[in-house]
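Heavy atoms only: backbone and side chains are in, while hydrogens, waters and symmetry mates are out. Since we're looking at a predicted model, the values are computed, not measured.
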Protein chains: 2
Amino acid sequence: MRPTVHDIAAAAGVSLATVDRVLNKRAGVRKVTRDRVEQAIERIGYVRDVAAANLAKSRIYPFVFILPSGDNSFMRGLEAEVHAAMARGPLERMVISIVKVPAFDAEALVAALDEVRATAPAGVAVVAVESPEVIAAVNRLRADRIPVVTLVSDLAGSARDHFAGVDNVAAGRTAASLLGRFLGGRPGPIAVLAGSMLVRDHRERLDGFRAVMDEDFPGHTLLPVIEGQDDPVLTEKLVSEALAASPGTVGIYSLGAGNRGLIAALKQRKDAPPVCVIAHELTRHTRAALNEGLIDAVLNQDAGHEVRSAVRVLKAKADGAAVIGAQERIYIDIFLKDNLPFDEG
Amino acid sequence: MRPTVHDIAAAAGVSLATVDRVLNKRAGVRKVTRDRVEQAIERIGYVRDVAAANLAKSRIYPFVFILPSGDNSFMRGLEAEVHAAMARGPLERMVISIVKVPAFDAEALVAALDEVRATAPAGVAVVAVESPEVIAAVNRLRADRIPVVTLVSDLAGSARDHFAGVDNVAAGRTAASLLGRFLGGRPGPIAVLAGSMLVRDHRERLDGFRAVMDEDFPGHTLLPVIEGQDDPVLTEKLVSEALAASPGTVGIYSLGAGNRGLIAALKQRKDAPPVCVIAHELTRHTRAALNEGLIDAVLNQDAGHEVRSAVRVLKAKADGAAVIGAQERIYIDIFLKDNLPFDEG
DNA sequence: AATTTTCTGATTTACGTACCTCAAATTTTC
DNA sequence: GAAAATTTGAGGTACGTAAATCAGAAAATT
């Protein structure tokens, strides 16, 4: 049988009350006694029964997810995953709530963070927008000992506890590598389509992409980055114009959302010479385009994994427990039409 | 506050004992009363507090992992992950043990399964070898209501509860798609290297690979499959011979283990024309080969994910709880030298 | 040495569920 | 309608930990 607090008391020759004081870092224990108890804990290999502890505390964990609003497919999927986590929450004594803020709006995000802070949650997950004010707001949360996890887009220079998202530089590098090899030496310029350079994930993808293109495939020139603001209509227009302006374009890297616009633009030029396309995020639209051959590969971050990881990490941090590093690393999924997972609605 | 058993009792107008009888499916409750209680449960939205229930039961979960012995890197990594899970086990009242059986040996596996069955564990995870006897042995476990999860290699036709592994047909298809596109029309035969056709995962990968090659890249002929038995020495010899016999070979698909032998063979022919190589399983050796450019892409199944998934599913099945489908789907990771994760020893 | 302060022990209650016993009420059977 | 069988109620103990109280012991201060 696993050792219990009683066993610690017996092993250390102290009372249960003292063990409790040590375990829960309560005051009123001399250093020598505390050491004796800690040695006993070590010696008999005690590990606190978290379930029993939480039961006794009748503790609940209020977690808040701060997500961008807007109608981008990926973010909608992310929100659905948070809702799924909400539904499972009670099983683990967690209560998850969602706060929405306009996309790419640092000021609104800061306001939301401060508002959330006032409710003293057990943890916060946030899709970050990069700005010094946001960093400061996150640091205020941390100063209140509230665990913070950045989700999808990281916040460098902040005191966030963890980033639940993919390595976006690697994603960009991978996109370049795939695109370069799929082109197999066919010369011509390459277009890059982004949402906004205000979010770190997009910038990092571009950096990674540029690095590998320059290094391994110097024959291709990169056209100026198209910023579509993750807006399908704007994107379609800009892409069509760009392709018309550079008719020899052989490849496109779409590193943000707004793929609906890209796909629409591609469909309009059916008879033109083929263009190799690498896009991000597997949605209904990119999946269809992949199957039709309009898109050659999709790099995806699994929103479900990210949300579940964020929840696990928040819980662990709130409990002061350890996180399993390897479990919380989110890999970039590469989908070709040959390894698409079955759709589940 | 969450409703408790007391609330059910009050809502249904029965005693706590009756609620308990209904909840734990004990005999001695009239149908009408049972219905009343179940309706009350539904109405007030009661969910059993699993932590408290397990505490009360002081239940522990003895799980057994049956793994192949031998010195194949992937299986060693898998075993290490099981050990990691063992170490974390006590936190969730799980006791995990490992049973090793010779690789590719159906008879030994059946013996092991029956021996394990005699110990009445709360769940069994097994790397399956396909044979009717193994299926029967697994079904005996299931007949004893012991949850069974197949790990890495599935067992079609058996009553196993779940398969914790990747879609190997998709893996083979993906390999073909990548290889075909990386070759970019360069003609020539393609060699396939397998471990043994006795395990389902290898056969499925080959099937998927063949299908896409035939369909999308009919220009390439497939050389006869080399069966290296996951043995580095044998593999090196066979691969060298095959390459010497077909000097025009442009691609190699290594769908099993034994990559050390393959890499050794590739190194020996440094000056020969380049061969595009797709291999399976990211190990120290394949990682190095990827970085050196000897291998072009590695398809990987994350052993850590598989083990953790198997554990979660076994626990859920033992508890009679639901599993989160999307969480338990194991994706194939595609690694190029550009998206290699940091090594952690 | 007396007093104050700090530390420690003993004991109790609570968390939500499981499981047991025994008696009482109800239903079924003849 | 009585006896038998079944169903229900009431109450308790247990699981391992948290948190509290209060008394007593030890240490520090005067």
Would you say [X]'s side chain and [Y]'s backbone share a donor-acceptor pair under 3.5 angstrom?
{"X": "B:Thr150", "Y": "B:Val127", "result": "no"}
{"X": "A:Asn139", "Y": "A:Ala159", "result": "yes"}
{"X": "A:Arg160", "Y": "A:Asp154", "result": "no"}

When the distance from [atom1] of [X] to [atom2] of [N] is rounded to whole Å, what number comes out?
{"X": "A:Arg59", "N": "D:dA18", "atom1": "CZ", "atom2": "P", "value": "11 Å"}
{"X": "B:Lys31", "N": "D:dT6", "atom1": "NZ", "atom2": "C1'", "value": "17 Å"}
{"X": "B:Leu55", "N": "C:dC15", "atom1": "CG", "atom2": "C1'", "value": "9 Å"}
{"X": "B:Leu23", "N": "C:dA18", "atom1": "CG", "atom2": "C1'", "value": "10 Å"}
{"X": "A:Asp49", "N": "D:dA18", "atom1": "CG", "atom2": "C1'", "value": "12 Å"}
{"X": "A:Ile44", "N": "D:dG16", "atom1": "CD1", "atom2": "P", "value": "13 Å"}
{"X": "A:Ile41", "N": "D:dG16", "atom1": "CD1", "atom2": "P", "value": "17 Å"}
{"X": "B:Arg48", "N": "C:dG16", "atom1": "CZ", "atom2": "C1'", "value": "11 Å"}

Flag the pair [X] and [Y] as a salt bridge only when some basic side-chain nitrogen lies within less than 4.0 angstrom of an acidic carboxylate oxygen.
{"X": "A:Asp35", "Y": "A:Lys31", "answer": "yes"}
{"X": "A:Asp161", "Y": "A:Arg142", "answer": "yes"}
{"X": "B:Arg93", "Y": "A:Asp49", "answer": "yes"}

*Could you check which of D:dC15, C:dT17, D:dT17 has an atom nearest any side-chain atom of B:Ser58?*
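Nearest to the side chain of B:Ser58 among the choices is D:dC15.
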_From C:dC19, D:dG16, D:dA18, nucleotide with atom closest to B:Lys57 side chain_ =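 Nucleotide nearest to B:Lys57's side chain: C:dC19.
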*Could you pull out the closest heavy-atom pair between A:Ala156 and A:Ile135, with the gap in Å?*
O-CD1, 3.4 Å
*Going 5' to 3' along nucleotides 25-30 of chain C, which nucleotides have protein heavy atoms under 4.0 Å from the base (write B), which only from the sugar-phosphate (write S), and which from neither (write -)?*
--S---
Non-hydrogen side-chain atoms of [X] and [Y] separated by less than 4.5 Å:
{"X": "A:Met75", "Y": "A:Leu78", "value": "yes"}
{"X": "B:His83", "Y": "B:Ile98", "value": "yes"}
{"X": "A:Val148", "Y": "A:Arg117", "value": "no"}
{"X": "B:Tyr61", "Y": "B:Asn54", "value": "yes"}
{"X": "A:Arg308", "Y": "A:Glu81", "value": "yes"}

*Stems in DNA chain C: runs of 3 or more consecutive Watson-Crick or G-U pairs, distances under 3.5 Å?*
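In DNA chain C, stems of three or more pairs: C:1-6 with D:25-30, C:8-30 with D:1-23.
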_Quick check: on DNA chain D, is the nucleotide nearest A:Val47 upstream (toward 5') of the one nearest B:Arg36, or the reverse? Name the residue that is more 5'._
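The residue mapped nearer the 5' terminus is B:Arg36.
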_Interface with DNA chain D, restricted to residues 6-22 of chain B and to heavy atoms under 4.0 Å_ =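 Within residues 6-22 of chain B, the residues near DNA chain D are B:Gly13, B:Val14, B:Ser15, B:Ala17, B:Thr18, B:Arg21.
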*B:Arg26 vs C:dC19: side-chain N/O to OP1/OP2 distance below 4.0 Å*: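 For C:dC19, OP1/OP2 do have a side-chain N/O of B:Arg26 under 4.0 Å.
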